Visitor: 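Structure incoming, see below.
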Amino acid sequence: FGTLTDWDELVAGMHARGLKLVMDLVVNHTSDDHPWFVESRKSKDNPYRDFYIWRPGRADGPPNNWQAFFTGSAWELDPATGEYYLHLFTRRQPDLNWENPQVRREVFDMMHWWLKRGVDGFRMDVINMLSKVPGLPDAAPVGGSRHVQGSEHFICGPRLTEFLGEMKRDVLSHYDILTVGETPMVSPDDAVALTHEETGALNMVFQFEHMDLDRNFAEQGSQSWKLQDLKAVMTRWQKGLEGRAWNSNYLSNHDQPRPVSRYGDDGAYRVVSAKMLATFNHLLQGTPYIYQGEEIGMTNVAFPSIDDYNDVATRNVYRVQTQELGLDPQVALAGIHKRSRDNARTPMQWSAAPGAGFTTGAPWIKLNPNFPTINVEQALADPDSV
C-alpha cells in the first residue's frame with residue numbers, strides 16, 4: 001500500500017485541491033499477522049491474550065455453533081495452546097475483545113494518531129459487531145446445520161452504544177470529521193440510535209437491507225426480487241430516518257456486484273440503465289456514495305473459471321456449493337457471475353490501453369474484457385456514451 005511518505009503526499013495534495021480523505025477503520029478484528037495477535041497466541045498467560053476472544057473447545061469441537069460469514073465455523077483451533085479464537089470473518093481475521101478496556105484505549109490512541117496526521121474521517125468496518133453477548137451462547141439451530149449464523153449474539157450487542165459513546169467522548173468529539181459506520185442487519189431504529197445528532201456517536205451508517213434483496217443466505221447464492229421490494233426498502237429507510245437521522249445512499253461498493261448488471265441492463269441498455277440508477281441514487285434524501293467505475297457504468301465480469309477469482313468468500317461459496325451441496329460447477333459459476341465481490345474489484349478502466357491504463361504490469365486480478373470500449377477517456381471525450 002506504499003509508505004507514510006506516500007500517504008502524507010496524497011493527503012497534502014488532496015487538501016490543496018479542496019478534497020478530504022476518509023479512511024477505513026477496521027477495529028472489530030485484526031490480521032493474524034498483527035503483533036498483538038502474534039503475542040496473544042504464544043501462551044494463555046501472555047499479556048496480549050485478552051486482546052482477543054479465546055475459549056476452550058467443547059467435547060465435540062468449537063466453543064459454540066456460530067458460522068463465520070465466509071462459511072465454516074467462526075472458531076479456529078490454535079494447536080500451540082489448545083484453545084480456539086473467534087473470527088466472524090476469515091480465520092486470518094481474529095476478533096478483538098472490546099470488553100478489554102486496554103483494547104479500547106489502544107484503538108482510540110490509534111485513531112488520534114491518524115486524525116492528528118490529517119485524515120478527515122472514518123468509514124468504520126462492521127462497527128456494530130464490536131459487542132458480543134456475554135457467554136457467547138449457541139445460535140438457535142436451523143434445520144440440521146452444524147454451523148449457524150449467530151448474528152443475534154453480536155449485531156448491535158449489549159455494550160455497543162457504550163463502546164461507541166466512549167469513542168465519541170474520547171476521540172470523535174475532538175475533531176471536525178465525517179464518520180459513517182458499516183452496519184449490517186440494522187433497522188432504521190438501530191440507525192437512529194447510532195446516529196442521532198445529540199445521543200448517537202456517528203454521522204450516518206451504511207445499511208444493507210436493499211443489498212440483501214437478491215441474496216439467498218441458505219444456499220449462499222441469488223434469489224429473485226421485484227422492483228416493489230426495492231421501493232419498499234428504500235421508502236422504509238427514507239421515511240424511517242426523516243427528521244431523525246441522515247441516510248447514506250449507495251448502490252455499489254467493494255463487496256457488491258456492479259449495479260448496472262444487478263439492477264439494470266448491462267447490454268444494449270447499459271448507458272441508460274447506469275444514468276437511471278445514478279439519478280435514483282443522487283435524488284434520495286441523504287448523502288450519495290459512488291464506488292470506482294460506477295460513474296462510467298462498469299459491469300460485472302464473467303470469468304470462465306473459479307481459478308480466475310481471488311475473493312475468499314467467492315471461493316468458499318463455490319467449494320460449498322459444488323463439494324457439499326452437489327451443485328453443478330457451471331450452475332455454481334453462473335451464480336458467482338451474478339454475486340461475486342470480485343465483480344467490483346476488477347481494475348478501474350481508465351483507458352483502452354493495455355492494462356486499462358491502470359498498470360503496465362500484471363494487476364491482482366484480470367481486467368474486465370470490455371475495458372477497451374468502456375473507459376474514462378471515452379467518457380470524457382463523449383459524455384453521452386457513458
Side-chain angles (χ1 to χ4, degrees), residues 22-38 40-41 48-55 63-64 66-76 84-111 113-114 119 121-134 136 139 149-168 170-172 179-186 190-191 193-195 200-208 211 248 253-255 312-313 341:
V22 174
M23 286 183 66
D24 200 13
L25 182 76
V26 185
V27 291
N28 174 72
H29 47 266
T30 71
S31 166
D32 63 351
D33 286 327
H34 194 290
W36 294 351
F37 190 71
V38 171
S40 177
R41 72 194 313 174
Y48 285 93
R49 187 70 167 186
D50 198 41
F51 271 46
Y52 296 87
I53 300 173
W54 291 92
R55 295 290 187 275
N64 67 29
W66 294 3
Q67 176 177 290
F69 280 100
F70 299 154
T71 73
S73 174
W75 296 90
E76 181 75 8
Y84 291 79
Y85 63 85
L86 179 69
H87 60 90
L88 293 181
F89 295 90
T90 82
R91 62 180 179 83
R92 301 214 56 192
Q93 295 173 310
D95 278 51
L96 284 166
N97 177 20
W98 272 72
E99 299 286 334
N100 183 346
Q102 190 176 353
V103 168
R104 303 198 297 275
R105 183 72 269 147
E106 292 279 0
V107 168
F108 298 161
D109 286 347
M110 176 266 290
M111 293 172 70
W113 188 89
W114 280 111
V119 70
F122 295 111
R123 173 265 186 193
M124 301 182 178
D125 191 77
V126 294
I127 200 67
N128 62 326
M129 299 185 190
L130 303 183
S131 173
K132 280 74 171 177
V133 169
L136 309 180
Q149 188 182 79
S151 54
E152 69 269 25
H153 300 307
F154 55 77
I155 294 293
C156 297
R159 298 187 67 187
L160 178 65
T161 55
E162 176 190 346
F163 294 156
L164 293 182
E166 188 177 339
M167 180 189 289
K168 178 182 180 180
D170 292 359
V171 184
L172 304 178
T179 55
V180 54
E182 182 194 29
T183 55
M185 303 181 218
V186 294
D190 293 328
L194 293 171
T195 64
L202 309 178
N203 297 137
M204 51 188 135
V205 299
F206 290 128
Q207 59 89 11
F208 287 82
M211 292 287 102
S248 57
N253 65 31
H254 65 292
D255 282 334
V312 61
R341 301 192 303 175

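For the numbers below, each heavy atom of this structure counts, side chains included, while hydrogens, waters and symmetry mates do not. All figures in this text were calculated on a predicted structure; none of them were measured in a lab.
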Visitor: Would you sort out whether Gln207 and Met185 count as a side chain to side chain contact (heavy atoms under 4.5 Å, CB included), showing the intermediate values?
Guide: CA-CA 7 Å; Gln207 59 89 11; Met185 303 181 218; over 6 Å; no

Visitor: Tell me if a side-chain donor or acceptor on Asn100 pairs with a main-chain N or O of Asp50 at a distance below 3.5 Å.
Guide: yes

Visitor: Does any N or O in the side chain of Glu106 come within less than 3.5 Å of the main-chain N or O of Val103, such that one atom is a donor and the other an acceptor?
Guide: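 Answer holds: no.
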
Visitor: Phe206: which residues meet the ring pair (Phe, Tyr, Trp, His ring centres under 6.0 Å) condition with it, sequence neighbours left out?
Guide: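 For Phe206 the ring pair (Phe, Tyr, Trp, His ring centres under 6.0 Å) partners, ignoring immediate neighbours, are Tyr250, Tyr289.
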
Visitor: Which residues satisfy the salt bridge (Lys or Arg N to Asp or Glu O under 4.0 Å) test with Arg341, sequence neighbours excluded?
Guide: Asp255, Asp311

Visitor: Do any N or O atoms from the side chain of Asn128 and from the backbone of Ile155 form a donor-acceptor pair under 3.5 angstrom?
Guide: no

Visitor: Roughly how far apart are Leu160 CG and Met129 CE, rounded to 0.5 Å?
Guide: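 Spacing of CG (Leu160) from CE (Met129) equals 11.0 Å.
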
Visitor: Indicate the atoms forming the closest heavy-atom contact of Leu136 with Asn64, along with that distance.
Guide: O-ND2, 3.1 Å

Visitor: Counting heavy atoms not belonging to Phe51, are there more than 12 under 6.0 Å from its CZ?
Guide: yes

Visitor: Near Arg159 CZ, under 6.0 Å, is it more than 12 heavy atoms from other residues, nucleotides or ligands?
Guide: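 Enclosed.
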
Visitor: Could you check whether any side-chain heavy atom of Asp125 comes within less than 4.5 Å of a side-chain heavy atom of Asp24, counting everything from C-beta outward?
Guide: yes

Visitor: Is a side-chain donor or acceptor of Arg104 paired with a backbone partner of Phe163 at a separation under 3.5 angstrom?
Guide: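 Not at all, since once roles are kept as given, no pair shorter than 3.5 Å links the two residues.
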
Visitor: What closest approach, in Å, do Ser31 and Pro94 show between heavy atoms, and which atom pair accounts for it?
Guide: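 So the two residues come closest at C-CD, 3.9 Å.
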
Visitor: Which residue in the set Val126, Leu194, Thr195 passes side chain to side chain contact (heavy atoms under 4.5 Å, CB included) when paired with Thr183?
Guide: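 Filter result, single survivor: Leu194.
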
Visitor: Restricting to side chain to side chain contact (heavy atoms under 4.5 Å, CB included), what partner residues turn up for Asp170, sequence neighbours left out?
Guide: Arg105, Phe108, Glu166

Visitor: Verify, without hydrogens or angle tests, whether Arg55 (side chain) and Pro63 (backbone) share a donor-acceptor contact under 3.5 angstrom.
Guide: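 Checking the backbone N and O of Pro63 against the side chain of Arg55, no donor-acceptor pair under 3.5 Å is found.
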
Visitor: Where is the tightest heavy-atom contact between Arg123 and His254, given as atom of each residue plus distance?
Guide: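 Smallest heavy-atom distance, with atoms named: NH2-CE1, 3.4 Å.
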
Visitor: Would you say Val205 and Glu182 make side-chain contact, with heavy atoms under 4.5 Å?
Guide: no

Visitor: Measuring from atom CG of Asn28 to atom CZ of Phe154, what distance do you get when rounded to the nearest 0.5 angstrom?
Guide: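 If we round to the nearest 0.5 Å, Asn28:CG and Phe154:CZ are 9.0 Å apart.
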
Visitor: Evaluate the side-chain proximity of Trp98 to Val27: yes if any heavy-atom separation is below 4.5 Å, no if none is.
Guide: yes

Visitor: In sequence, state the C-alpha distance, the side-chain angles, and the governing distance for Leu96 and Leu130, and then conclude on side chain to side chain contact (heavy atoms under 4.5 Å, CB included).
Guide: CA-CA 8 Å; Leu96 284 166; Leu130 303 183; over 6 Å; no

Visitor: How many angstroms lie between atom OG1 of Thr179 and atom CE of Met167, to the nearest 0.5 angstrom?
Guide: 9.5 Å

Visitor: Check the pair Ile127, Leu164 against side chain to side chain contact (heavy atoms under 4.5 Å, CB included), reporting the backbone distance first and the verdict last.
Guide: CA-CA 9 Å; Ile127 200 67; Leu164 293 182; 3.8 Å; yes

Visitor: Donor-acceptor pair, distance only, cut-off 3.5 Å: does the side chain of Asp95 make one with the backbone of His29?
Guide: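 Judged by distance alone, no pair lies under 3.5 Å.
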
Visitor: Please find the pair of heavy atoms, one from Glu152 and one from Val133, that lie closest to each other, and give the distance.
Guide: O-CG2, 4.2 Å

Visitor: Is the shortest heavy-atom distance from the side chain of Ser40 to the side chain of Trp54 under 4.5 Å?
Guide: yes

Visitor: Using every non-hydrogen atom in the two residues, find where Gly150 and Ala139 come nearest and quote the distance to one decimal.
Guide: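 Heavy atoms only, the tightest pair is CA-CB, 3.6 Å.
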
Visitor: Kindly compute the distance separating CZ (Phe70) from CG (Leu88), expressed to the nearest 0.5 Å.
Guide: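 Output value for this atom pair is 10.5 Å.
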
Visitor: Are Phe89 and Trp66 an aromatic pair by the rule of ring centers under 6.0 Å?
Guide: no

Visitor: How about Phe37 and Tyr85: are their ring centroids closer than 6.0 Å?
Guide: yes

Visitor: Taking only residues two or more places apart in sequence, or in another chain, which ones meet Asp190 in a side chain to side chain contact (heavy atoms under 4.5 Å, CB included)?
Guide: Cys156, Val186, Ser187

Visitor: Hey, could you give me the CD1/CD distance between Ile53 and Glu99, rounded to the nearest 0.5 Å?
Guide: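 So the gap between those two atoms works out to 8.0 Å.
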
Visitor: Please check if the side chain of Lys132 supplies one atom and the backbone of His153 the other of a donor-acceptor pair under 3.5 Å.
Guide: no

Visitor: Taking only residues two or more places apart in sequence or in another chain, which ones pass side-chain hydrogen bond (donor to acceptor under 3.5 Å, both in side chains) with Tyr52?
Guide: Thr30

Visitor: Going by the rule side chain to side chain contact (heavy atoms under 4.5 Å, CB included), which residues pair with Ser73 if we only count those two or more places apart in sequence or in a different chain?
Guide: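 Testing Ser73 for side chain to side chain contact (heavy atoms under 4.5 Å, CB included), a comparison that skips the adjacent residues, returns Pro62, Trp75, His147.
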
Visitor: I would like to know whether Gln93 and Asp32 meet side chain to side chain contact (heavy atoms under 4.5 Å, CB included); could you show each step before the answer?
Guide: CA-CA 6 Å; Gln93 295 173 310; Asp32 63 351; over 6 Å; no

Visitor: Using every non-hydrogen atom in the two residues, find where Ala68 and His87 come nearest and quote the distance to one decimal.
Guide: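 Where Ala68 meets His87 most closely, the heavy atoms are CB-O, 3.9 Å.
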
